[in-house]
Amino acid sequence: MKFDTKVVRASTKPDKATGAVVPPIYQTATYVLEEVGVDKGFDYTRAANPSRQLLEEHLAEIEGAKYGVCFSSGMAAVDSVLKILKSGDHVICSDDVYGGVSRHFNNVLIHYGIEFTYVNTSNPHEVEEALKSNTKLLWVETPTNPLLKITDLDAMNKIAKSNNLLFGVDATFATPVFLRPLEYGADLVMHSTTKYLSGHNQIIGGSIHTNDKEIFDKMKFIQKTIGAVPSPFDCFLTMLGLRTLHLRMERHNKNAISVANFLQEHPKVSRVAYPGLKSDPGYEIAKEQMSGYSGMISFELKGGIPSGKHLMNNVKLCLLAESLGAVETMITHPATMTHAEVPVKERHARGLTDGLVRLSVGIEDETDIIEDLRQALKEA
Ligand SMILES: *Cc1c(COP(=O)(O)O)cnc(C)c1O
């Protein structure tokens, strides 16, 4: 089966009982046993549910993974990976990770005796230099949120394999349409399904995919033990969105290239971060490792914070909202919204300036998106 066909059809089979093309939502907490010790593969929805299983199998097929495990949020998925570790373990993590990830590491997991070092994973030497005798996990986000930094997964895999590290990749921004980290040797890949995979701003969810039975068993155990599971209805909605993923990503990518080019040439814009621009430091690796550049752009205005605020307060079509990866174009101010809890000093050291604007380019007509930005930039 070709990739696009998998996106549409991978796990969907007509319902055996009725022939319904869309499988029913199994909105149930529990299941009747046939007799003591004999069930039909399901005993309690925290452990397993048919609507969730369908989504897990579908996502795994698209990812080219043997296994999929779904969670109630991207953060619950990240947390579940970290639950593999023990007190005293050390993690090397991309420095420009999603703000919620570093918030969790620095404010919660640190109290459980897990140590974190943040480095620019775009530079493999920094990763090597951060290695310690107790390093257990290499956590890479590519492209990063919000600066769209690109990490060379081949280089990371070499470091991970020669140092016996678990190698996890948050590929939320790329989606399996443009990047499949397991093909580059990652032990597991993580997605916030809230974003492109569901794609319609309707659900919060996350997933983990792996080819390693041992990792899968651990993830399943953590999933059922801790219980951060998505509802059957959320799984149904995710499946609904998922089946047009390839079409949406093509359009997100095409629109973002046009918007990035428009921004780069705009006299009020000082810097554009988009891995699909030849001038972007991540361009060469992205071109080799990804089959598209996705729909996320970050940029900075010459007028700094006041100009950025003016722009965000004057857009009409673009929605001023957190989140990304949905059909609608959304504009975000990372410093006060998604990354507000990253300490100011650290934010600035990372290049996450107060004037930075993040754009999740939607699948509307690109001329409308550009027109909206043009009018909002006029007085900015
Ligand atoms: C949104 C996001 C997360 C967290 O996912 P939630 O579904 O919001 O919990 C993790 N990583 C990246 C890159 C994200 O964009």
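Order of listing sets the numbers, starting from 1, for every ligand and every atom in it. Predicted, not measured: the structure shown is a model, and the values here were computed from it.
A salt bridge between Arg350 and Asp96 is present, with a side-chain N of the basic residue lying under 4.0 Å from a carboxylate O of the acidic one. Using a 4.0 Å cut-off between charged side-chain N and carboxylate O, Lys83 and Asp79 make a salt bridge.
Under the ring pair (Phe, Tyr, Trp, His ring centres under 6.0 Å) criterion, Phe42 pairs with Tyr31, sequence neighbours left out.
Per-residue contacts place Ser192 under 4.0 angstrom from the following atoms of ligand 1 (heavy atoms of the residue considered): 1 (C), 2 (C), 3 (C), 5 (O), 6 (P), 7 (O). Applying the 4.0 Å criterion to heavy atoms of Gly74 picks out, from ligand 1, the atoms 5 (O), 6 (P), 7 (O), 9 (O). Under a 4.0 Å criterion applied to the non-hydrogen atoms of Ser73, ligand 1 contributes the atoms 7 (O), 9 (O). With ligand atoms numbered from 1 in the order given, ligand 1 contributes 7 (O) to contacts under 4.0 Å with heavy atoms of Gly205. Close approach to Asp170 involves these atoms of ligand 1, each under 4.0 Å from a residue heavy atom: 10 (C), 11 (N), 12 (C), 13 (C). Of all the atoms in ligand 1, the ones that sit under 4.0 Å from a non-hydrogen atom of Glu141 are 13 (C).
Residue Phe173 places no N or O, backbone or side chain, under 3.5 Å from any N or O of ligand 1.
The shell of residues lying under 4.0 angstrom from ligand 1, judged by heavy atoms, excludes Ser323.
In this structure, Tyr293 and Tyr283 have parallel ring planes: the angle between them is below the 30° cut-off, well short of the 60° mark. Note on ring orientation: taking the six-membered ring where Trp is involved, the planes of Phe236 and Phe233 are parallel (angle under 30°, cut-offs 30° and 60°).
Cluster membership check: Leu373 shares its hydrophobic cluster with Leu320, using side-chain heavy-atom separations under 4.5 Å among Ile, Leu, Val, Met, Phe, Trp and Tyr.
Nearest protein heavy-atom contact of atom 9 (O) of ligand 1 is Met75 N, 2.9 Å. Of the protein's heavy atoms, Thr194 OG1, 2.6 Å lies nearest to atom 7 (O) of ligand 1. Protein heavy atom nearest atom 4 (C) of ligand 1, with residue, atom name and distance: Tyr98 CE2, 3.4 Å. Nearest protein neighbour of atom 15 (O) of ligand 1, counting heavy atoms only, is Lys195 NZ, 2.8 Å.
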Enumerate, atom names and distances included, each donor-acceptor pair closer than 3.5 Å involving a side-chain atom of residues 113-121, sequence neighbours excluded.
| residue | atom | partner | partner atom | Å |
| --- | --- | --- | --- | --- |
| Glu115 | OE1 | Lys132 | NZ | 2.5 |
| Glu115 | OE2 | Asn134 | ND2 | 2.9 |
| Thr117 | OG1 | His90 | NE2 | 2.6 |
| Tyr118 | OH | Asn106 | OD1 | 2.8 |
| Asn120 | OD1 | Ser122 | N | 3.1 |
| Asn120 | OD1 | Ser122 | OG | 3.2 |
| Thr121 | OG1 | Ser94 | OG | 2.8 |
| Thr121 | OG1 | Thr151 | OG1 | 2.8 |

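Thr244 and Arg248 share a side-chain donor-acceptor pair at under 3.5 Å.
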